[in-house]
Amino acid sequence: MRIIALAKFTLKSYLQEKILIVVMLFAALLMLSSYVLSPLAVGAQQKIVVDIGLAAISIFAVGLIVLLGAGSFHLEKERGILRALLAKPISRVEFVLGKYAGTVAMVSIVVLLMASVHMLVVTLSGSEVTNKMLSAVYLTLLEGGVVTALLTFFSAFTSPVLGSFFTISCVVAGHFSSDLLTFAERMGGTGTTVIARGAYYLLPNLELMNVRSEAVHGLPLPDGFIFSVTLYAVAYAAVVLYLATLIFRAKEVS
Amino acid sequence: MAILELHDIHKAFRTGFLGVRTPVLKGLDLSVEAGEVYGFLGHNGAGKSTTMKVILGLLRPDAGRVEVFGKAGADRATRARIGYLGEEVGLYPHNTAEEALGLIGELFSMPGTKVRARASELIEMVGLRDKRRVKIKHYSKGMRQRLGIATALMNDPDLLLLDEPYSGLDPIGRKELRELLVALKQQGKSILMSSHIVPDVEAVCDRVGILSGGKLARVMDLNEVYAGESGEVEVTLAGVDHSRLQAADYGGTEVFAKDNLMIVRCKGDRKLQNLIADVYSSQGHVVEVKPLRTRLEDVFVDTMKAMRDAEPQPESKEGEPAMTRR
């Protein structure tokens, strides 16, 4: 109940941000421009439209999480909202989960709105909306959940700038984490292998949530892939959020 | 029965690049009785807000014990019985007053109908009825403070912690808050109110604690202080010939006399009556009669000075005077 109340108010505070509208308009413009410019790529017009559209959804969703999420935590502290809320009968865990749920709700709305524009552009370009495109949008939502958990974790103990920096670093590294495994296999030294393998398991494997190529080229996804990625994303976010609550519970609110 | 007790609370903060520990509370003992309004006085940075945060569990004391409603610390059940107004009101700026109180009600797990009724009652009480659907970001400081008071009262708390509640209020708002605090006191609420504005504290508090040097330098029962006063009054007279009117004839002393204005101090109802009668019979009139009371402001200033004087002076080099703090 209290988590829902906090999530509701967190979501509402995000929806008041003008930057949200600006970013979404920009994303819609990018998708429409892909439709306008796609005739330049002879023979691959539809692929361009799908690729740019899905990439825009993913990039802008992650960008908004970092941009709005980090600032939100900071402003609540600066404006005394955090102190006022924690003086009420609400636990630190409830607060973290409420903030997380509110941010995920914001990302979900943004992703679904951008996806609707994307589907419209795809239809206008003469293509069909495929299940794989819908899967790609769903996995972007999962990626948003994982990235929000990371941001929540970093916001629990760092400044907004550092929190944003660490989150973006994790997102970038998370999309290349499989390279770490390859690197570890090629390196002979035990120490380097252990470190590379450790980083691989520690960082989120966000590339699992990227099926844009499959959506663009119509390639098949393995059986049970969506289900197993969902489990992975939920488990990863849950562990990160648990760590965030541990840190936040130990933190003093001055 | 004490509703809130702090025993030997110590709290220091790490400051600066090197994280040097700066003590703020150094063995604070404080007790608030049930149904009492306790004024917590101290200069800026004395540790009043820190004390409130320690009570609420927002800050952990380095040493000492906090007991609220007879239980150690302020757990969730305890906080459900506390109303808190901090230095900043702490409200989402894009919300309206109704929405802000709605959130607070939900956090206290109040049913929806009760939240709406209570919010409406409090908005009316703090005089924001016309602005209840205006976003808080458009509120003035005083309006935000009024709403903050409403949020602190949303759960009908047994204990109110008010950190500088008069901050930002205009004279009408201050008067209304004083009346509200008196009304809450009559309802049996316990209130711990911090301030550095002495007259505001003096107007409503039963007891006053002066925080200095990280501990309570003095605790005063204002009722006892006023009960033990001499009953002396200061009378300002106009249109009197002070060469003919002798204060000593009325058992008093002359404080000021110039032209046809005169200020006399005297004691006792009968002598005061005689003085007033004589003034009117000689075509003069009484401008003001006010009781000579112990002013809390003077006590506060004296206590702060005494604490400062008692602080150890830095050692001086031979032949150089020791630096004195003012």
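As the structure is a prediction and not an experimental result, all values here were calculated from the model. Each chain gets a letter, A, B and so on, in the order the sequences are listed, and its residues count up from 1.
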> Which one wins on heavy-atom pair count under 4.5 Å against chain A: Lys53(B), Glu88(B), His94(B)?
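Of Lys53(B), Glu88(B), His94(B), His94(B) has the most heavy-atom pairs under 4.5 Å with chain A.
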
> Considering only NZ, NE, NH1 and NH2 on the basic side and carboxylate oxygens on the acidic side, decide whether Asp200(B) and Arg174(B) come within less than 4.0 Å.
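Counted as a salt bridge, because a side-chain N and a carboxylate O are separated by less than 4.0 Å.
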
> Could you verify whether a donor N or O on one side chain and an acceptor N or O on the other, from Asp163(B) and Ser49(B), lie under 3.5 Å apart?
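Indeed, the side chains of Asp163(B) and Ser49(B) share at least one donor-acceptor pair under 3.5 Å.
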
> Measure distances from Leu91(B) to the heavy atoms of chain A and classify the residue's part below 4.5 Å as side chain, backbone, both or neither.
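For Leu91(B), the backbone is the part near chain A, not the side chain.
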
> Heavy-atom pairs under 4.5 Å with chain A: which of Glu99(B), Glu87(B), Met52(B), Met154(B) has the most?
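Winner by heavy-atom pair count: Glu99(B).
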
> Under a 4.5 Å heavy-atom cut-off, does chain B meet the side chain of Lys12(A), its backbone, both or neither?
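Both parts, backbone and side chain.
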
> Shorter than 4.5 Å, heavy atoms on both sides: which option in Ala87(A), Ser91(A), Ala84(A) has the most such pairs with chain B?
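Result: the option with the highest number of such pairs is Ala87(A).
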
> With chain B, which of Glu94(A), Lys251(A), Arg92(A) has the greatest number of heavy-atom pairs at distances under 4.5 Å?
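Of the options given, most contacts go to Glu94(A).
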
> Please tell me whether Tyr166(B) and Ser195(B) have a donor and an acceptor in their side chains that are separated by less than 3.5 angstrom.
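Side-chain D/A pair, Tyr166(B) to Ser195(B): absent.
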
> Looking at Glu106(B) and Lys8(A), does any basic side-chain N land under 4.0 Å from a carboxylate oxygen?
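A salt bridge is present here (some side-chain N lies under 4.0 Å from a carboxylate O).
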
> Using the ring of each side chain (for Trp, its six-membered ring), is Phe95(A) parallel, tilted or perpendicular to Phe248(A), with breaks at 30° and 60°?
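Parallel: the ring planes of Phe95(A) and Phe248(A) meet at under 30°.
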
> Is chain A contacted by the side chain of Leu161(B), its backbone, both, or neither, given a heavy-atom distance below 4.5 Å?
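The answer is neither part of Leu161(B).
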
> Taking atom types as modelled and ignoring hydrogens, do the side chains of Arg132(B) and Thr96(B) form a donor-acceptor contact shorter than 3.5 angstrom?
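On atom types as modelled, these side chains do not qualify, holding no pair under 3.5 Å.
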
> Under a plain distance cut-off of 3.5 Å, with no hydrogens placed, do Lys99(A) and Ser72(A) share a side-chain donor-acceptor pair?
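Result is yes, a qualifying pair exists.
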
> With only heavy atoms counted, which part of Lys137(B) is less than 4.5 Å from chain A, the side chain, the backbone, both or neither?
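Contact with chain A is absent: no heavy atom of Lys137(B) under 4.5 Å.
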
> Give, as side chain, backbone, both or neither, the part of Glu17(A) having an atom under 4.5 angstrom from any heavy atom of chain B.
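The answer is neither part of Glu17(A).
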
